Number of protein chains: 2
Amino acid sequence: MLKSTIYVDRAATVLKLLGDKTRLTMVAILKQRECCVCEFLEVFDMSQPSISQHLRKLKDLGVVKEERRGQWIYYSLNSQSDLYGLIEDILEHIPVQTEKIKQIENSNPTLRCGC
Amino acid sequence: MLKSTIYVDRAATVLKLLGDKTRLTMVAILKQRECCVCEFLEVFDMSQPSISQHLRKLKDLGVVKEERRGQWIYYSLNSQSDLYGLIEDILEHIPVQTEKIKQIENSNPTLRCGC
DNA sequence: TTAATATATAGCTATATGCTTATATGTTAA
DNA sequence: TTAACATATAAGCATATAGCTATATATTAA
């Protein structure tokens with residue numbers, strides 16, 4: 001398979017973004033399931049604004065997309081991005097985030113108030 | 001093919017390192033040929049200490065190795081590293097640095113004084 | 001040994017980054 | 001409309017980073 005290439009500038013930009021443990025883990029989680037901010041809050045030891053800022057950076061580059069559903073905004077990987085193939089290949093080299101997914105599903109923040 | 005995975009911390013560290021245009025280009029060049037500092041000086045618009053510092057970071061993480069040959073120290077990709085597979089996969093997504101290789105070969109800094 | 005060349009290290013500075021708290025915006029339900 | 005909840009934005013701060021210049025170290029050749 002012939003991969004379409006990404007200019008070095010753009011590739012460096014996305015690698016720098018993924019070169020943060022929090023964001024790399026977010027992307028790994030999003031590869032398995034979409035998440036909203038309050039779900040990420042369950043697995044990262046940081047404030048809600050920090051989570052939002054990481055997601056914003058990923059969104060600004062087109063790595064993730066968002067979709068509002070009622071009160072929540074769901075984030076997912078943007079498979080339409082020219083960066084998607086690179087990101088998929090990178091994710092093959094890191095462990096699947098099973099523990100964090102479990103944590104999210106056990107806490108179920110979006111179901112707390114019976115919505 | 002089953003890829004061995006790299007812990008998220010370590011993966012984030014190498015992605016951050018490669019998330020710099022200079023270092024990413026260096027690694028792309030080293031995929032094609034080994035180089036010494038004075039050769040990199042031909043293609044990057046920065047001082048010799050800056051080049052050396054970038055190479056040191058790559059060496060500290062095990063991405064590149066060095067080999068002294070006389071006056072020169074040749075840098076090459078470390079194919080023994082656990083990071084090598086990831087790096088190869090990333091490089092498939094960026095253009096081959098043909099122009100820079102040409103620049104290096106046309107200038108031939110290590111041959112200037114007839115060594 | 002001395003001079004020339006190649007590379008590394010030290011120390012400095014400007015900018016970028018990631019976090020925080022405080023506050024604003026948007027949505028739902030009473 | 002008001003309260004509660006989810007998320008975003010603003011502003012500030014501490015640390016990290018990438019570049020620079022000056023200098024040290026290592027090698028070669030005279």
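All chains are named by letter (A, B, ...) in the order of the sequence lines, taking the proteins before the strands, and each is independently numbered beginning at 1. This one's a predicted model, so the numbers in the text were calculated from it and none came from an experiment.
- The stretch residues 45-55 of chain B touches DNA chain C through B:Gln48, B:Pro49, B:Ser52, B:Gln53, each having a heavy atom within less than 4.0 Å of the strand.
- Listed candidates were D:dT9, C:dA8, D:dA8. Nearest to the side chain of A:Arg56 is D:dT9.
- Mapping B:Glu66 and A:Gly19 onto DNA chain C by nearest heavy atom places B:Glu66 at the nucleotide closer to the 5' end.
- If you take CD of A:Gln71 and P of C:dT25, they are 18 Å apart, rounded to a whole angstrom.
- Judged as a side chain to side chain donor-acceptor pair (under 3.5 Å), and not counting sequence neighbours, B:Arg68 has no contacts.
- One atom, CH2 of B:Trp72, and another, P of C:dT5, lie 11 Å apart when rounded to the nearest Å.
- For the pair A:Lys59 NZ and D:dA8 C1', the computed distance is 9 Å after rounding to whole Å.
- One finds no side-chain N or O of B:Lys57 lying less than 4.0 angstrom from the OP1 or OP2 phosphate oxygen of D:dT17.
- The phosphate of C:dT17 has OP1 or OP2 within less than 4.0 Å of a side-chain N or O from A:Lys16.
- With sequence neighbours left out, the salt bridge (Lys or Arg N to Asp or Glu O under 4.0 Å) criterion links B:Lys21 to A:Asp9.
- Contact annotation: B:Tyr75 side-chain N/O to C:dA8 OP1/OP2 distance is under 4.0 Å.
- Between the C1' atom of C:dT17 and the CG atom of A:Leu17 lies a distance of 11 Å, rounded to the nearest Å.
- No more than 12 heavy atoms of other residues, nucleotides or ligands sit less than 6.0 Å from atom CG of B:Asp45.
- Across the protein-nucleic acid pair, A:Leu24 atom CG and C:dG18 atom C1' stand 16 Å apart, rounded to whole Å.
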N/O donor to acceptor pairs below 3.5 angstrom from side-chain atoms of residues 97-105 of chain A, sequence neighbours left out:
residue  : atom : partner : partner atom : Å
A:Gln97  : NE2  : A:Pro95 : O            : 2.9
A:Gln103 : NE2  : A:Glu42 : O            : 3.3
A:Glu105 : OE2  : A:Arg33 : NE           : 3.3

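- Remark: P of C:dG18 and CZ of A:Phe44 are 13 Å apart, rounded to the nearest angstrom.
- Classification of B:Lys57 and B:Asp20 as a salt-bridged pair fails, no side-chain N sitting under 4.0 Å from a carboxylate O.
- Legend: residues meeting side chain to side chain donor-acceptor pair (under 3.5 Å) with B:Ser76, ordered by chain and number and at least two apart, are B:Lys65.
- Regarding A:Glu67, its CD atom lies at a distance of 14 Å from the P atom of C:dT27, rounded to whole Å.
- If you find the closest nucleotide of DNA chain C to A:Arg23 and to B:Val37, the one lying nearer the 5' end belongs to B:Val37.
- Considering only residues two or more places apart in sequence or on other chains, A:Asp89 meets the side chain to side chain donor-acceptor pair (under 3.5 Å) condition with A:Lys3, B:His93.
- Separating the CZ atom of B:Arg69 from the P atom of D:dT28 is a distance of 13 Å, rounded to the nearest angstrom.
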